[in-house]
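Just below is one structure, and these are the notes that go with it.
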Amino acid sequence: MIRLATVSPCYNEEEVLKESTCRLTALFNRMMEEQLISADSLIVFVNDGSSDSSWNVIQELHQQNPLVCGINLTRNCGHQNAIMAGMMTARAWVDAVVTIDADLQDDLEAIPKMVAALNNGNEIVYGVKVSRTADPLLKRLSAEAFYRLQSSMGVESIFNHADFRLLSRRALDLLANYEERNIYLRGMIPLLGLSSTTVDDVLSERSAGSSKYNLSRMMSLALDGITSFSVRPIYGVIYLGIIFIIIAFCIGLYVLHALIVGTAVPGWSSLILSIWLVGGFVLIGVGIIGVYIGKIYQEVKHRPLYHIKEILTHE
Ligand code: UDP
Ligand code: MG
């Protein structure tokens, strides 16, 4: 039996916390009866600098409910950092962590399946949204377009998986070696290379309160998701430069033709040719500098070079 913790980031979630705790407690009791998790499992709430009474509610729940623990951040650090704070703190307490948003829009029934998958030898279990009908249409379309853009940029991530996942203690310990600042967990976790599987997650509506992810937060997460993992956009600049030079070459051919048949306008060809040629060389130059900056970027992230799976010795 494993000791499990759920980790839920909370930003102004006073309206949902009580109900979420009730539902999680019921689920935990059932899983304890089924001998899936141990009786000292935990429900961890991370208060991400809420300006409402969320922390008071968490303190109250902690008093009443032996399962509930709370972590209070000094200020709003953002969803990804709040999850990281929760996971890194809880890994000292438990064998596995399930991260789930405090509004419990994700499918609670997926949690026992995640634990079963862990018992079958998986270290990472991703919740994959099979139905997003609870999400507004615009959010659904933009999210799916983003997953596609991301994979075309060569970022390895799981399609339609957000931050609802189970990580074993080992996965958490490896994740702790990533020292980067712009964290995007959906991209970092596949880098661990541990055995993983997926379970279905049917999304439901938010029971109360409103979404804390506005358009600008979503855009900044999307931008992090690409720029923290891919230097492909830099190569795009170099390719653009090459296209400019090819265009200049075509214009050169046209100019030669105009000279031969005598339709050339004085001054036009030198001007237009220099614009495209110089433009092309400038773009290539910028791109080359970009490649070096991309390398510096990868160096400063100090990502671990490898994770050892097992070692055979005669000790
Ligand atoms: N959240 C957070 N810090 C923030 C913004 C959001 O901890 O700065 C939490 C929020 O309380 C919720 C989760 O992140 O538990 C997901 O947010 P939300 O449900 O509003 O996003 P949506 O489900 O609409 O994408
Ligand atoms: Mg939500």
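As the structure lists them, so they are numbered: ligands from 1, and atoms in each ligand from 1. Sequence positions, counted from 1, serve as the residue numbers for this chain. Keep in mind that this is a model prediction, so the values were computed, not measured.
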What orientation do Tyr254 and Trp268 show, parallel under 30°, tilted 30 to 60°, or perpendicular over 60°?
perpendicular
Between Glu34 and Arg30, does any NZ, NE, NH1 or NH2 come within less than 4.0 Å of an OD or OE carboxylate oxygen?
yes
Contacts of Ser53 that satisfy side-chain contact (heavy atoms from CB on, under 4.5 Å) - sequence neighbours left out
Glu14, Asn56, Val57
Test: Arg303 and Glu180 ion pair at under 4.0 Å
yes
Taking a 3.5 Å cut-off between nitrogen or oxygen atoms, can you list every pair linking ligand 1 to the protein, with distances?
from: ligand 1; atom 1: 3 (N); to: Asp48; atom 2: OD2; distance (Å): 2.6
from: ligand 1; atom 1: 7 (O); to: Asp48; atom 2: OD2; distance (Å): 3.4
from: ligand 1; atom 1: 8 (O); to: Asp48; atom 2: OD2; distance (Å): 3.4
from: ligand 1; atom 1: 8 (O); to: Asn76; atom 2: ND2; distance (Å): 3.2
from: ligand 1; atom 1: 8 (O); to: Arg217; atom 2: NH2; distance (Å): 3.4
from: ligand 1; atom 1: 11 (O); to: Pro9; atom 2: O; distance (Å): 3.4
from: ligand 1; atom 1: 11 (O); to: Tyr11; atom 2: N; distance (Å): 2.8
from: ligand 1; atom 1: 11 (O); to: Glu13; atom 2: OE2; distance (Å): 2.5
from: ligand 1; atom 1: 15 (O); to: Pro9; atom 2: O; distance (Å): 2.7
from: ligand 1; atom 1: 15 (O); to: Ala102; atom 2: N; distance (Å): 3.0
from: ligand 1; atom 1: 19 (O); to: Asp103; atom 2: OD2; distance (Å): 2.5
from: ligand 1; atom 1: 19 (O); to: Arg206; atom 2: NH2; distance (Å): 2.9
from: ligand 1; atom 1: 20 (O); to: Arg206; atom 2: NH2; distance (Å): 3.1
from: ligand 1; atom 1: 20 (O); to: Lys212; atom 2: N; distance (Å): 2.4
from: ligand 1; atom 1: 23 (O); to: Gln105; atom 2: OE1; distance (Å): 2.8
from: ligand 1; atom 1: 24 (O); to: Lys139; atom 2: NZ; distance (Å): 3.2
from: ligand 1; atom 1: 24 (O); to: Ser211; atom 2: OG; distance (Å): 2.5
from: ligand 1; atom 1: 25 (O); to: Lys139; atom 2: NZ; distance (Å): 2.5

Any pair counted as ring pair (Phe, Tyr, Trp, His ring centres under 6.0 Å), so long as it reaches residues 105-158, sequence neighbours left out:
Tyr126-His161, Tyr147-Phe159
Can we say Lys18 and Glu60 salt-bridge, meaning some charged N sits less than 4.0 Å from an Asp/Glu carboxylate O?
yes
Before you tell me yes or no, could you show the steps for Asn65 and Thr25 under side-chain hydrogen bond (donor to acceptor under 3.5 Å, both in side chains), namely the whole-Å CA-CA distance, both residues' side-chain angles and the distance that decides it to 0.1 Å?
CA-CA 9 Å; Asn65 188 329; Thr25 308; 3.1 Å; yes
Can Arg169 and Glu123 be counted as an ion pair, charged N to O under 4.0 angstrom?
no
Considering the Mg ion (ligand 2), could you give the total of protein N/O/S atoms lying closer than 2.8 Å?
2
pair Leu194-Leu174: side-chain heavy atoms closer than 4.5 Å:
yes
